[in-house]
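I have placed the structure first, in the form of structure tokens, so that the comments after it can refer back to it.
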Amino acid sequence: MEINNNRKQSRRRVGTAMLVVAALFSAGCFDPPTTGDVTGAVSIDGDPVASGSIAFFPVDGKSPTSGAEIKDGRFEAEVPLGTVKVEIRVSKVVGQKRLYDTPNSPVQAVREEVLPAKYNDRSELTLDVKPGDNEENFELSTKS
């Protein structure tokens, strides 16, 4: 009789555990990851990029885009899983212009892209983002 009671209690515990697991799944506690953490370095002709931006565009066109600031040659971004096109932009100040056509108008810096279009507007850079941590370093050149 005691063996039957132990079996009944074991079945109840298993049943209860299965209900808890099912509830957690339905509550989204075990949703599969949809992004990966991408970190890395960006250099141009061997020198770290002082500042710039990096953007990630999912090739499937269904996931959101993401991006990050490049600072002191490093970046960190949360990026959708799968293959993404990467665009890197780095600009430099090439002059100044007045915001308005008046003598006391504030002045704004005029910036120019440093990198060839193959790294941004017509990017040839791609990355396959996996769940978890992804490390990717970009060694770029200003020579076309």
Side-chain angles (χ1 to χ4, degrees), residues 5-144:
N5 283 339
N6 286 342
R7 285 184 184 162
K8 285 181 184 178
Q9 287 177 350
S10 290
R11 286 184 188 144
R12 280 191 196 127
R13 286 186 190 130
V14 169
T16 302
M18 290 175 69
L19 285 173
V20 169
V21 169
L24 289 173
F25 270 109
S26 67
C29 292
F30 292 108
D31 286 341
T34 58
T35 61
D37 296 318
V38 179
T39 59
V42 181
S43 62
I44 301 174
D45 299 324
D47 295 321
V49 169
S51 68
S53 65
I54 186 166
F56 303 93
F57 299 90
V59 173
D60 68 10
K62 297 176 185 174
S63 302
T65 60
S66 63
E69 180 181 4
I70 302 168
K71 193 170 186 178
D72 299 324
R74 304 273 320 154
F75 69 91
E76 295 179 15
E78 190 173 325
V79 181
L81 300 179
T83 303
V84 293
K85 182 173 93 167
V86 181
E87 293 185 6
I88 299 174
R89 297 184 184 281
V90 177
S91 63
K92 66 178 179 180
V93 176
V94 294
Q96 294 182 341
K97 71 173 185 176
R98 295 199 179 279
L99 294 178
Y100 309 104
D101 200 17
T102 61
N104 294 330
S105 172
V107 177
Q108 178 180 11
V110 175
R111 303 187 74 81
E112 183 178 277
E113 180 61 47
V114 172
L115 294 170
K118 68 181 181 180
Y119 300 129
N120 42 64
D121 291 334
R122 293 188 300 277
S123 182
E124 300 170 0
L125 303 172
T126 61
L127 176 63
D128 187 27
V129 181
K130 303 204 180 320
D133 295 333
N134 297 262
E135 172 85 20
E136 186 69 25
N137 298 319
F138 297 94
E139 297 175 13
L140 313 176
S141 174
T142 56
K143 295 147 185 81
S144 295

Does any non-hydrogen side-chain atom of Asp72 lie less than 4.5 Å from one of Pro48?
no
Heavy-atom pair with the smallest gap, counting every atom of Leu81 and Lys130:
CD2-C, 3.4 Å
Would you find more than 12 non-hydrogen atoms of other residues, nucleotides or ligands less than 6.0 Å from Glu76 atom CD?
no
Which heavy atom of Leu99 sits nearest to which heavy atom of Gln108, and what is that distance?
CD2-OE1, 2.8 Å
Closest heavy-atom pair, Val84 versus Pro58, reported as atoms and distance to 0.1 Å, is CG1-CA, 3.8 Å
For Pro106 and Tyr100, work out which heavy atoms get closest and say how close.
CD-CD1, 4.1 Å
Does any part of the side chain of Arg89, heavy atoms only, come nearer than 4.5 Å to the side chain of Ile70, both counted from C-beta?
no
Let me confirm one number: the CG-CG distance from Leu115 to Asp45, rounded to the nearest 0.5 Å.
9.0 Å
State the OG1-CG distance between Thr83 and Leu127, to the nearest 0.5 angstrom.
8.5 Å
Residue pair Thr142 / Pro116: nearest heavy atoms and the distance that separates them
O-CG, 3.7 Å
Would you name the heavy atoms of Leu125 and Ile88 that are closest together and state the gap between them?
CD1-CD1, 3.9 Å
side-chain contact (heavy atoms from CB on, under 4.5 Å) assessment of Thr39 paired with Asp133:
CA-CA 8 Å; Thr39 59; Asp133 295 333; over 6 Å; no
So, Thr35 side chain and Glu78 main chain: donor-acceptor pair closer than 3.5 Å or not?
no
Without swapping roles, check the side chain of Arg98 against the backbone of Pro103 for a donor-acceptor pair under 3.5 Å.
yes
Just verifying a value: how many Å separate Lys71 NZ and Ser53 OG, rounded to the nearest 0.5 Å?
14.0 Å
With no hydrogens and no angle check, do the side chains of Arg111 and Ser91 hold a donor and an acceptor under 3.5 Å apart?
yes
Answer yes or no: does atom CD of Glu135 have more than 12 heavy-atom neighbours from other residues, nucleotides or ligands under 6.0 Å?
yes
Evaluation steps, salt bridge (Lys or Arg N to Asp or Glu O under 4.0 Å), between Lys85 and Glu87:
CA-CA 7 Å; Lys85 182 173 93 167; Glu87 293 185 6; 3.4 Å; yes
Donor-acceptor under 3.5 Å (Asn120 side chain, Lys118 main chain)
no
Phe56 vs Val129 side-chain heavy atoms within contact, under 4.5 Å
no
